[in-house]
Each structure stands twice: as C-alpha cells, then as structure tokens.
Q: 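Have a look at this one.
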Amino acid sequence: MKILMVDVDGVLIHGQPSDGLPLFTYLERDLGLKLDVLQETFFKPYWLDIVTGRDALEPRLAEVLGRIAPQLHAKTLIDYWFENDSRLDHGLLEDLSALRAQGTKMFLATNQEHMRATYLMNELGLSSRFDGIFYSAALGHQKPAAEFFRLATERVGLATSEIGFIDDVEANIAAARQFGWKAMQWTAGSILRDAIAAFSA
C-alpha cells in the first residue's frame with residue numbers, strides 16, 4: 001500500500017469539540033433555528049447539489065434563511081456549523097502521522113462542499129498532516145459513486161491495489177472494494193494497526 005485514503009466525518013472528526021455530540025444538538029438553543037426546519041427547507045432540497053459542486057453553500061443558505069430565519073446570517077450559521085463539527089481524533093492523527101513518516105502518502109477522501117473542505121485543511125490544520133484532499137464538490141461526485149473512486153485514483157496515478165481506504169460508511173467501503181481499493185470499515189474502537197494488517201493480508 002503506497003497511499004492511504006481517509007474519510008473525515010465519522011473517522012477523523014466526531015461532532016462537537018466539547019462532547020462529541022452531533023453538531024446541531026443545540027442549534028435551536030444557540031441560534032433560534034429548529035433543526036427539522038433546516039433539514040426540510042435546506043438539506044433535503046439542496047444538499048446533494050451543494051456537496052457535488054453544482055450549487056454554492058453560502059448563497060443558497062442565505063436564500064433559505066431569508067425565508068425561515070431572516071434574523072440569522074448565513075455566515076453566522078456556517079461558522080457555527082464548522083466550529084461545532086470539528087472534534088478531531090488526535091490518537092488516529094498521530095498513528096497516521098507515524099505511518100506517513102514511514103513513506104505512505106496520506107489523502108483525505110470525503111464528501112464535502114468547498115467551504116468546509118477549505119476549513120478542514122486550513123483552520124483545522126489538516127493540510128500539514130495530509131498530502132492532499134479529494135472531496136465530492138471538487139470531483140463532482142460523492143461517495144459511494146464509482147466516479148469518486150475513479151477520479152481520485154486517476155489523480156494519484158497509482159494502481160487501485162496500491163490504495164488503502166478507511167471510512168465509517170459500509171456502502172462506501174463496498175464501492176471502494178468493488179473499484180479495487182483495499183478498504184476497511186472504521187467503527188468505534190477501530191485502530192489503524194488493524195486496518196494496515198487487513199490491507200496486507
């Protein structure tokens with residue numbers, strides 16, 4: 001294995017920094033917006049286009065908030081969102097850094113829109129720990145679509161058998177394996193050593 005692809009949410013990041021709870025747990029208390037309303041008016045109709053790069057997060061969110069919460073600025077909600085979904089697994093990061101120091105290249109492989117991808121790399125400092133990021137809005141396809149894996153493979157320029165992948169979503173693991181990547185589903189209690197052993201078997 002020459003490259004390890006690492007998912008973000010559910011693998012590297014687990015919710016709110018303070019307690020790991022889902023990022024919008026206190027949305028109504030903190031910003032006066034009901035989560036079910038945000039789901040119905042924003043996420044359900046628009047998220048697929050945003051996360052695959054066909055629509056932009058901030059202007060679309062501003063348009064929706066203008067209808068459901070005109071007192072709330074899109075930037076305020078986006079900042080709240082990103083900051084409350086940033087609890088890093090530092091133990092895993094250290095294990096990944098040790099593997100990288102031995103010569104394995106590290107890339108993020110994640111379903112993200114453009115603003116959060118930038119936040120992950122710059123504000124959370126993942127650009128110093130990874131060799132790059134492959135994300136759905138930039139590729140135009142989200143996992144588990146085969147095109148996501150095809151494009152990422154093309155861009156690293158290696159055979160699929162040289163690529164390892166950890167992700168918490170079973171469908172993404174199945175799709176990666178079908179494409180030829182070595183993949184392991186990441187669950188609570190998973191450790192990187194077990195994944196590497198599985199890829200080498």
Side-chain angles (χ1 to χ4, degrees), residues 1-23 51 81-139 142-144 148-201:
M1 182 186 73
K2 294 182 178 177
I3 285 177
L4 181 63
M5 301 280 190
V6 182
D7 177 46
V8 173
D9 298 300
V11 176
L12 273 181
I13 289 180
H14 301 269
Q16 299 184 149
S18 59
D19 52 24
L21 289 174
L23 71 116
V51 82
W81 171 352
F82 294 177
E83 289 164 10
N84 277 284
D85 201 15
S86 62
R87 182 176 183 150
L88 289 164
D89 184 334
H90 290 285
L92 176 56
L93 281 172
E94 290 308 309
D95 289 344
L96 290 168
S97 292
L99 184 62
R100 189 183 184 207
Q102 296 169 14
T104 300
K105 287 194 172 296
M106 296 281 162
F107 291 89
L108 298 175
T110 177
N111 290 337
Q112 304 290 339
E113 55 75 47
H114 296 296
M115 290 181 71
R116 186 157 184 258
T118 300
Y119 177 86
L120 293 170
M121 296 303 274
N122 297 342
E123 301 305 316
L124 290 190
L126 295 182
S127 62
S128 67
R129 292 179 173 268
F130 290 85
D131 297 289
I133 179 172
F134 298 108
Y135 68 98
S136 54
L139 297 179
Q142 66 174 341
K143 299 175 294 182
F148 181 100
F149 301 101
R150 184 184 68 77
L151 290 166
T153 301
E154 281 184 0
R155 293 181 189 190
V156 295
L158 290 176
T160 56
S161 60
E162 299 283 3
I163 299 172
F165 176 52
I166 55 175
D167 194 296
D168 63 314
V169 177
E170 185 176 358
N172 296 342
I173 295 299
R177 286 175 176 162
Q178 186 170 8
F179 194 77
W181 290 12
K182 297 174 180 178
M184 188 191 90
Q185 187 173 4
W186 197 260
T187 59
S190 290
I191 57 175
L192 188 61
R193 183 172 64 247
D194 291 343
I196 302 310
F199 297 158
S200 302

Q: Verify side-chain contact (heavy atoms from CB on, under 4.5 Å) between F179 and T160, making sure each step is shown before the conclusion.
A: CA-CA 7 Å; F179 194 77; T160 56; 3.6 Å; yes
Q: Thinking salt bridges, do D131 and R100 make one under a 4.0 Å N-O criterion?
A: yes
Q: Any side-chain heavy atom of K143 sitting closer than 4.5 Å to one from F149?
A: yes
Q: Could you check whether W181 and T153, counting side-chain N and O atoms only, form a donor-acceptor pair closer than 3.5 Å?
A: yes
Q: Check this for me: does any side-chain nitrogen of one of D19 and R87 sit under 4.0 Å from a carboxylate oxygen of the other?
A: no
Q: If you apply the rule side-chain contact (heavy atoms from CB on, under 4.5 Å), what do you find for M5 with V156, and how did you get there?
A: CA-CA 11 Å; M5 301 280 190; V156 295; 4.0 Å; yes
Q: Would you say the side-chain atoms of S127 pair up with the backbone N or O of M121, donor to acceptor, closer than 3.5 Å?
A: yes
Q: Answer yes if the side chains of Q112 and D9 hold a donor-acceptor pair under 3.5 Å, and no otherwise.
A: yes
Q: E94 and R129: which non-hydrogen atoms are nearest, and at how many Å?
A: OE2-NH2, 3.1 Å
Q: For residues K182 and F165, determine if any side-chain heavy atom of one lies less than 4.5 Å from a side-chain heavy atom of the other.
A: no
Q: Can you tell me how far apart CG (L88) and NE2 (H14) are? Round to the nearest 0.5 Å.
A: 9.0 Å
Q: Are F130 and F107 an aromatic pair, judged by ring center distance below 6.0 Å?
A: no
Q: Any non-hydrogen side-chain atom of V8 less than 4.5 Å from a side-chain atom of Y135?
A: no
Q: Taking atom CE of M1 and atom CD1 of I163, what is their separation to the nearest 0.5 Å?
A: 10.5 Å
Q: Look at E162 together with K105 and state whether they make a salt bridge at an N to O cut-off of under 4.0 Å.
A: no
Q: Side-chain contact, heavy-atom cut-off 4.5 Å: L99 with M106?
A: yes
Q: Test Y119 against L124 for side-chain contact (heavy atoms from CB on, under 4.5 Å), laying out the working first.
A: CA-CA 6 Å; Y119 177 86; L124 290 190; 3.7 Å; yes
Q: Can you tell me how far apart CG (D7) and CG (N111) are? Round to the nearest 0.5 Å.
A: 7.5 Å
Q: Might you point out which heavy atoms bring P144 and A171 nearest each other, and give the distance in Å?
A: CB-O, 3.6 Å
Q: Hey, what do you get for CG (L4) to OG1 (T104), rounding to the nearest 0.5 Å?
A: 7.5 Å
Q: How long is the straight-line distance from CG of D89 back to CG of L192, given to the nearest 0.5 Å?
A: 10.5 Å
Q: Just how far is it from atom CD of Q16 to atom CG of N84, taken to the nearest 0.5 Å?
A: 4.5 Å
Q: How far apart are the closest heavy atoms of V51 and S136, and which atoms are they?
A: O-OG, 2.5 Å
Q: Assess whether salt bridge (Lys or Arg N to Asp or Glu O under 4.0 Å) is satisfied between D85 and R116, documenting all intermediate values.
A: CA-CA 10 Å; D85 201 15; R116 186 157 184 258; 3.4 Å; yes
Q: Taking S86's backbone N and O only, do any of them form a donor-acceptor pair with E83's side chain (distance below 3.5 Å, no angle check)?
A: no
Q: Looking at every heavy atom in both E113 and A137, which two are closest together, and how far apart are they?
A: CA-CB, 3.7 Å
Q: With the side chain counted from C-beta on, respond yes when L12 and V6 share a heavy-atom pair under 4.5 Å apart, and no when they do not.
A: yes
Q: Any side-chain heavy atom of E123 within less than 4.5 Å of one from F82?
A: no
Q: Could you give me the CA-CA distance, side-chain angles and deciding distance for L93 and L126, then say whether side-chain contact (heavy atoms from CB on, under 4.5 Å) is met?
A: CA-CA 9 Å; L93 281 172; L126 295 182; 4.1 Å; yes
